[in-house]
Amino acid sequence: MATRFKPDETFRDDFRYANSPAAILRFPFPFGEDVYMYGVNIEPHTRAGSSGAFAVAFDVDEHYVAECAERAQALALEPGRCQVLDHMREAEWDTLELIMESLAADYPDLFVLDRHGDDWTWTNRPLGLHQAFRFGDATTLPHPPFEYIVRQAQGDFTLQDQRDGTLYIDGGITTTPADWTLAFDIGMTFHQWHGPVPLAHQAGVFDRALQYLMRVRYGHPARRLNWTMTINPRLDTSPENYPLWGPDRASLTADTIATRLFLRVELQSFFRLPRSNALLFGIRTYLASLDELTRVPKWGRRLHRVMRDLHPDIAEYKGLTRYRDLLVAYLAQFDDGAPTAPGIAPDIAALPD
Amino acid sequence: MMDSATIDLLVAEATLLSPRLRRVRLLAADGSRLPPAAPGAHITLMLPGGSGARPLRNSYTLVVADPERGYELIVRRAERSRGGSHHIHDRLAPGDVITASVPHNLFALHSQARKHLLIGGGIGVTPLLSFVTRLRETGARFELHQIASPAETGVFAQLLAARAGERIHIHAGRRDFDSAALLAAQPLGTHVYTCGPAALMDDVIAAATALGWPSSHVHREDFGAAGGEPFMLRLARSGIEIAVADDQTMLEAIEAAGVDTPSLCRGGACGVCLVPVREGTPEHRDHFLSAAERDAGCLVMPCVSRSSSALLVLDI
């Protein structure tokens, strides 16, 4: 099925963004049951699974071209959003190879990778790019290798060096962050950069997750879903730009919440990189408005129950406190009390009219 | 390439370096590029186990891992062998196809080492060869000591081919090798890597510990402990008994028997696959259960854990 890109979408200023019915049905809805609590919800990133977004290594959807333009704009404003420490050079090339190989294999009509020894040629049809370069020689690319390829991918990425029995976040790009920034976290250990998360440390979630992630093997990637909420389809909710988006939280009303409040889901993926032994962490953000999500009856019911019963510390950490009552009151109309089937799938083939 | 568990490899070359060392070069059987690999990575070969026996799984370090020119291994013909090294020495020939795991690395170079001290014994030279290649490329500071039997010092000297100015030393036997003195002379920030007979590795690690080296600076070769002894599993509620093979997880065995049981991470972290134990002694390998829960022995995670009793009875 050919994806029709929507190059005119924007994620700032005038916010021109919407999901097609097909995009709504393949949205990676993060709640598999009617309650939410932190856990080690990591699973192998192998099978198609219950969301269309799980079908390939790096999902390319109808927002691809617009998201790449948004990234270019964010980098033009703040080039420091992409940083890689010197000892991660090999991991940069690993990332370039993994993403190019995966896109070319999963979308052969959109991307082509041609390799003869170290002489590589890359074709990206949606962005109109054709690049001949020498693998391992950064002078043959217009940007450093990591930045070059993540400019052509949706979502943020970080590079973890594995040493001393932990993971260090030693590089990455954050132009679509959910209120965190690499500029602050770079060089931290796994437990340091997760320091602010409530409840999960005490439950041992990070100790167990770290053990799992350090054992992720080449060729056996893993994934998990994480979520928060964002006012407007704004990808760049960075701490640096808090003055631009923080006040939005106080602006929602009963009339605007359906179209202006977005469930923000991160499809997080973990890949062992072969040459560097580093771990690539993908944070792919999907946005859908309440209006769009509640077209799936199961999701409308479940979203109401999850938000109503959410632990207040989690609501506060995710920045929902200010408008949570408004949100629960709005969602109540979609909850008729009927039971919901387990799992995240929409359980319908087409949206009701 | 989402879940590439195994690859078929074609034997391109197999040459004797000495009467007991054979170098094997392998290419992708379908002519495609091979997965790249970090220095220190190994692959596991599935080798015929002799008449009627299950295939053997032998892990070998990749001395060279080039996606186009191929993988290179050096295999020692073991005195007492289950048959794997004898197969490689006596029967393997160019044109043969072997199934292998994709590369896996449990012996990585440390990115922050000020200096790398490499200590090998015998065939333990193989990961050190891949380290030396990388350290030469990056210009990192290193020193290598290889212990060899007197008859094989020449072969190792040739394999390591010291370049001008490099500190590469081949010792004929362990008699003239003093690991404590060597470690004591190292600058701060040195990382030591050792691979070879257990006695040598234990000696290096004991010397480093006695000198107060942080454990994060001491590395020994590890192929990991995948699999284990086979055992029997009885599923009390389903009323069936299944054998868990040495290279199979309990969860895989349960699934293969057609019993549906929940699982998520399949790596011992999430707790979704926990099952109650009725009888037997689990060998816990997960990161989920607390020490008290392990001691109680009432629950087990079949995705990674095994049994230390011949029979384990689960309440599913």
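- For the atom pair OG (B:Ser111) and CG (A:Asp170), the distance works out to 6.5 Å, reported to the nearest 0.5 Å.
- For chain B, the nearby parts of A:Asn277 are the backbone and the side chain; heavy atoms of each come within less than 4.5 Å.
- Residue contact with chain A, scored on non-hydrogen atoms closer than 4.5 Å, is absent for B:Pro214.
- Chain B forms more heavy-atom pairs under 4.5 Å with one residue of A:Arg163, A:Arg89, A:His87 than with any other, namely A:Arg163.
- For B:Arg114, the CZ atom is loosely surrounded, since the number of other residues' heavy atoms within 6.0 Å does not exceed 12.
- The two residues B:Pro103 and A:Tyr218 have their closest heavy-atom pair at O-CB, 3.8 Å.
- For the pair A:Glu90 and B:Arg134, the minimum side-chain heavy-atom distance is below 4.5 Å.
- Heavy atoms only, all atoms of each residue included: B:Arg33 and A:Gly117 are closest at NH1-O, 3.7 Å.
- Rounding to the nearest 0.5 Å gives a distance of 7.5 Å between CG of B:Leu106 and CZ of A:Arg217.
- With chain B as the partner, the residue from A:Met88, A:Arg215, A:Gln162 showing the most heavy-atom pairs under 4.5 Å is A:Arg215.
- A:Asp164 is listed as a side-chain neighbour of B:His110, based on a closest heavy-atom distance under 4.5 Å.
- For B:Asp260, the CG atom counts as loosely surrounded, since its 6.0 Å shell holds 12 or fewer non-hydrogen atoms of other residues, nucleotides or ligands.
- Contact tally against chain B (heavy-atom pairs below 4.5 Å) for A:Pro274, A:Ser276, A:Ala222: the top residue is A:Pro274.
- Counting only heavy atoms from C-beta outward, the side chains of A:Glu97 and B:Pro36 approach each other to under 4.5 Å.
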